[in-house]
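Okay, structure first, notes after.
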Amino acid sequence: MYKHLIVNIDELWLKGKNRKHYFKTLREHVHLVIKAHNTEEKVSIRNDQQRLVAESEAGFSKDCINSLAKVPGVSTVQPAISIEREKGLILPTIVEKLKGELGERITTFKVRCKRVDKTFPHGSMDLQRELGHFLLKEFSQLKVDVRNPEIMIDVKVMQDNIFISTEKLKATGGLPVSSSGHVITMISGGFDSPVASYMMSKRGCKQDFIFFYAYPYVGEEVKEKILSICSVLGQFQKGCRLWVVPFGEIQNTIAKDCYEEYRTILFRKYMVETANLLARRVKAQAIVTGDALGQVSSQTMQNMSVMDKFSEKMILRPLVGFNKIEIIRLSQKIGTHDISVIPHDDACSLFSPKHPVIKADYVYMRNYSMEFDYTKLMEKALDESEVYRIDVLGECEEVIK
């Protein structure tokens, strides 16, 4: 088990005067994840030459390392061995490590050395050549491949020590959560909105999730599905909440009052307005949806434009230019795909018109809003919401009001 982790940071080159805040925000998230796994052990995290270095006497489990790879703002995670700054210690350490990993298998390798601290008297290129030469002598099954090696032996010379690693996990990347503001993400049981949430996590957005639960027109299994999806998405956040809003009464009322072809877009309108009411309560700055241009009737350019006019907060649509295959592939990558494919009841489909409007008339929708004021119904639905707190490991717990 590794006792040191090197957490390399993404998009750092974009940061100037706010770099200190950037590091602080990311470090807090990394610390939360590590402590969630190492609850009883003392863990230190320090900024070392524009990297975060975590150290634990008990070591870091594979689960902990995989969780860190989900932290937005982290570029890569490297489990590492720390040795003193002595050239003579490098080769024996690498040899011992490879003997435990290689066995008899034939494989390719490359040595990459980096002197982060330039006071170290041996040049990076010289070290690479020397180490590569000796490793070829020591291990007959090793072959050099500088372009696509199976094993990358990474040697980092720091100010106080040398790190050696042969593993590097590619992480989420992007910006640290909370560095770009607070949003309300409208979540559903399909593929799109969970992927939209992931995209906004990568752009540094703290999120509260809102799910419109159309009870009694759908069953409890729908809510369980949403909790499972949010459990996955919560692992890309540093603590978030899910608001399960009872919306069946509002949908039934809308279906009775409006033109049939306007049902779908009016459901959407009042969901957006309810999300805005929640945004006011929790001081969020924007609404996130899984809209992709032209994918369904409510996501035509005109319908999205009309929707924007009824939203007090900016609506962010990170998937607007994606096609369905791209979205499904991303859902597989982040771990929501197998949950999203589970069949579930959908009240929007239950009330769905045969020919939904694709070019909504803003004047009609505005006049409808003036004639039928659902503000009290929306406020009541928010007041009666079930609220769940989700931690960095994706554990969900209902908040007792």
Side-chain angles (χ1 to χ4, degrees), residues 11 14 18 21-22 25 72-73 172 174-188 190-212 230 233-234 236-243 245 247 250 264-322 326-327 330 358-363 365-366 368-369 374-375 378-379 381-382 385:
E11 298 195 27
L14 292 173
N18 63 340
H21 172 69
Y22 190 93
T25 303
T172 297
L175 303 174
V177 170
S178 298
S179 64
S180 297
H182 183 185
V183 300
I184 303 296
T185 299
M186 295 170 60
I187 204 78
S188 72
F191 294 109
D192 304 343
S193 57
V195 173
S197 167
Y198 166 76
M199 297 292 287
M200 297 314 298
S201 290
K202 283 185 66 172
R203 298 321 302 158
C205 288
K206 172 186 174 183
Q207 296 178 49
D208 275 321
F209 301 108
I210 186 169
F211 169 61
F212 297 95
C230 289
L233 299 176
F236 299 98
Q237 290 284 304
K238 59 178 181 181
C240 53
R241 290 171 295 183
L242 164 66
W243 301 70
V245 180
F247 212 68
I250 295 174
T264 301
I265 192 167
L266 282 170
F267 291 163
R268 191 72 169 168
K269 170 189 178 294
Y270 287 104
M271 288 176 181
V272 166
E273 290 189 357
T274 305
N276 273 270
L277 292 175
L278 178 58
R280 282 191 209 169
R281 294 189 182 191
V282 301
K283 296 181 171 56
Q285 297 147 289
I287 310 298
V288 174
T289 76
D291 293 348
L293 185 61
Q295 187 167 256
V296 295
S297 64
S298 63
Q299 295 169 21
T300 63
M301 190 174 292
Q302 179 151 337
N303 284 359
M304 288 194 287
S305 175
V306 168
M307 200 64 61
D308 286 342
K309 294 175 183 177
F310 289 105
S311 181
E312 175 187 326
K313 304 291 184 181
M314 172 173 56
I315 299 178
L316 299 172
R317 300 179 175 94
L319 306 184
V320 70
F322 282 54
E326 291 169 323
I327 294 169
L330 267 174
I358 59 173
K359 292 185 178 180
D361 181 357
Y362 168 72
V363 174
M365 292 179 66
R366 183 196 62 194
Y368 181 91
S369 300
Y374 300 142
T375 304
M378 292 187 290
E379 292 279 10
L382 271 182
S385 297

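All of these numbers come straight from a predicted model, not from anything done at the bench.
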I need the single residue from Q299, M304, M199 that forms a side-chain contact (heavy atoms from CB on, under 4.5 Å) with R317. Which is it? M304

Can you check side chain to side chain contact (heavy atoms under 4.5 Å, CB included) on M307 and I265, steps first, answer last? CA-CA 8 Å; M307 200 64 61; I265 192 167; 3.6 Å; yes

Distance in Å, [X] [atom1] paired with [Y] [atom2], rounded so as to fall on 0.5 Å steps:
X    : Y    : atom1 : atom2 : value
L319 : M200 : CG    : CE    : 10.0 Å
T274 : I250 : OG1   : CD1   : 5.0 Å
S179 : H21  : OG    : NE2   : 6.5 Å
L330 : Y198 : CG    : OH    : 6.5 Å
K206 : Q285 : NZ    : CD    : 10.0 Å
L293 : T300 : CG    : OG1   : 8.0 Å

Search all heavy atoms of [X] against all heavy atoms of [Y] and return the closest pair with its distance.
X    : Y    : value
S178 : K238 : OG-CE, 3.5 Å
S297 : N303 : O-ND2, 2.7 Å
C240 : G234 : SG-CA, 3.9 Å
K313 : A286 : CB-CA, 4.0 Å
M186 : S193 : O-CB, 3.3 Å
P72  : S201 : CB-O, 3.3 Å

Under 3.5 Å, side chain of [X] to main-chain N/O of [Y], donor-acceptor pair present?
X    : Y    : value
E273 : E312 : no
S385 : W243 : no
D192 : I327 : no
S305 : M301 : no

Per the salt bridge (charged side-chain N to carboxylate O under 4.0 Å, His left out) rule, what does the pair list look like for residues 294-305, sequence neighbours excluded? none

After noting the C-alpha distance and the side-chain angles of F310 and Y362, does the key distance pass the ring-ring contact (aromatic ring centres under 6.0 Å, His included) rule? CA-CA 9 Å; F310 289 105; Y362 168 72; 5.3 Å; yes

Quick one: are the ring centres of F247 and F211 less than 6.0 Å apart?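 No: the rings miss the under 6.0 Å criterion.
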
Side-chain heavy-atom pair [X], [Y] within 4.5 angstrom cut-off:
X    : Y    : result
P318 : V288 : yes
I187 : P194 : yes
M365 : V306 : yes

Could you go through T25 and V177, starting from their C-alpha distance and side-chain angles, then the distance that decides it, and tell me whether this counts as side chain to side chain contact (heavy atoms under 4.5 Å, CB included)? CA-CA 7 Å; T25 303; V177 170; 6.0 Å; no

Here's a test for you: under side-chain hydrogen bond (donor to acceptor under 3.5 Å, both in side chains), which of Q237, Q207, K202 qualifies with S197? Q207

V195 and F322: CA distance, side-chain angles, deciding distance, side chain to side chain contact (heavy atoms under 4.5 Å, CB included) verdict: CA-CA 11 Å; V195 173; F322 282 54; 5.6 Å; no

Cut-off 3.5 Å, side chains only: do S311 and N276 have a donor facing an acceptor?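 There is such a pair (donor and acceptor under 3.5 Å, judged by atom type) between the side chains of S311 and N276.
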
Working for side chain to side chain contact (heavy atoms under 4.5 Å, CB included), residues V282 and R241: CA-CA 11 Å; V282 301; R241 290 171 295 183; 3.7 Å; yes

Evaluate D291 against R268 for salt bridge (charged side-chain N to carboxylate O under 4.0 Å, His left out), listing each step before the verdict. CA-CA 11 Å; D291 293 348; R268 191 72 169 168; 2.7 Å; yes

